[in-house]
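Here's the structure we're looking at; comments come further down.
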2 protein chains.
Amino acid sequence: MLIRIDPSSSMALNEQIAAGIRRSMIAGEVGPGDRLPPAKDLGRSLDVNMHTVLKAYGRLRDDGLVEMRRGRGVTVMDQPVARASLVEAARSLVEQATHAGYQPGEILELVEVQL
Amino acid sequence: MLIRIDPSSSMALNEQIAAGIRRSMIAGEVGPGDRLPPAKDLGRSLDVNMHTVLKAYGRLRDDGLVEMRRGRGVTVMDQPVARASLVEAARSLVEQATHAGYQPGEILELVEVQL
DNA sequence: ACCTATTTGTCCGTATGTATG
DNA sequence: CCATACATACGGACAAATAGG
């Protein structure tokens, strides 16, 4: 997993790291079940603080892409799980919008304008 | 806005603070447009670090309850928050799906099947 | 069952950057 | 220009869960 960091970029370091890992996932360099390096190790190799790496990992977790557990590390989620979290997000959105009186077309438009 | 913190609780401090503010909202002690105290000030009054308060504020922001802006502080969202929160849910869904490598058409389909 | 090392989770303190007013 | 206040990063400390000997 090769990640490049540009300290002079306006993009936050933790986002650069998260983006780099996402790219590695899309490129297939890391896949479901694979373990990401410990935050301390990756931080040292990228010359950034462990906390910055942990923040990047946390973003990926919030996106449902990885699982983090103490003592065990960070592992890439199975694709069905990542998809399940997306399906759940879509279900929740539709439920909320419907409850608020939105029509199907209006709900789709809510999403379209974000694309 | 009265918040109590129990340092000996197993609940993380930042969550205790966020929960306390949610309670104040429900109790009507703070309402839309009101400004929450600067993180540094609230931290000093609760005897916790500024970052811990900022993390609590960030959770509330992620939940669509408050807005955070540099230089201006943290303000409670307006009641048309219903719409704002839907927009945020849609934005978050699109962001997650995009990060996961989904194409626009596939994202729309995620929602359509839930209608 | 015990101990140790690993690794994330949380919190603290400090410093610097950046948008707002 | 200046003060305010969040945003990000660094570093250190301790706790808690996990894994391995």
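All figures in this text were calculated on a predicted structure; none of them were measured in a lab.
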Next on the checklist: I need the minimum non-hydrogen distance between A:Ile5 and A:Pro7, along with the two atoms involved.
Outcome noted: O-CD, 3.5 Å

Checklist outcome for this item: Within residues 6-20 of chain A, the residues having a heavy atom closer than 4.0 Å to DNA chain C are none

Checklist entry - In chain order, what residues pass the side chain to side chain donor-acceptor pair (under 3.5 Å) check against B:Ser9, with sequence neighbours excluded? => result none

Checklist entry - Can you give the first and last nucleotides of DNA chain C, 5' to 3', that have an atom under 4.0 Å from a heavy atom of chain A? => result C:dT6 to C:dC11

Item to check | Set of side chain to side chain donor-acceptor pair (under 3.5 Å) partners for B:Ser10, sequence neighbours left out | outcome: none

Item to check | Closest contact, heavy atoms only, B:Ala18 versus B:Ala56 | outcome: N-CB, 3.8 Å

Could you tabulate the donor-acceptor pairs under 3.5 Å formed by side-chain atoms of residues 104-115 of chain B, not counting sequence neighbours?
unit_1, atom_1, unit_2, atom_2, d
B:Glu106, OE1, B:Gln103, N, 2.8

Checklist entry - Tell me, which of residues 45-52 of chain A have any heavy atom that sits under 4.0 Å from an atom in DNA chain D? => result A:Val48, A:Asn49, A:His51, A:Thr52

Item to check | Nearest heavy atoms of B:Ala97 and A:Leu86, plus distance in Å | outcome: N-CD2, 3.6 Å

Checklist outcome for this item: DNA chain D nearest-nucleotide lookup for A:Lys55 and A:Arg72: closer to the 5′ end is A:Lys55

Checklist entry - Taking only residues two or more places apart in sequence or in another chain, which ones pass side chain to side chain donor-acceptor pair (under 3.5 Å) with A:Thr52? => result none

Item to check | Interatomic distance, A:Arg91 atom CZ to B:Leu93 atom CG [nearest 0.5 angstrom] | outcome: 12.5 Å

Checklist entry - For residues A:Ser92 and A:Glu88, is any side-chain donor paired with an opposing acceptor at under 3.5 Å? => result no

Checklist entry - Which residue pairs pass the side chain to side chain donor-acceptor pair (under 3.5 Å) test with at least one member in residues 23-34 of chain B, sequence neighbours excluded? => result B:Arg23-B:Glu29, B:Ser24-B:Glu29

Checklist entry - What is the 5' to 3' range of DNA chain D, first to last nucleotide, that sits under 4.0 Å from any heavy atom of chain B? => result D:dT4 to D:dA9

Going by atom type alone, with no hydrogens or angles, which donor-acceptor pairs under 3.5 Å involve a side-chain atom of residues 57-77 of chain A and a protein atom two or more places apart or on another chain?
unit_1, atom_1, unit_2, atom_2, d
A:Tyr57, OH, A:Pro37, O, 2.6
A:Asp63, OD2, A:Arg22, NH2, 3.3
A:Asp63, OD2, B:His99, ND1, 3.1

Solution key, residues 40-47 of chain B side-chain donor-acceptor pairs under 3.5 Å, sequence neighbours excluded:
unit_1, atom_1, unit_2, atom_2, d
B:Asp41, OD1, B:Arg44, NH2, 3.4
B:Ser45, OG, B:Leu42, O, 3.0

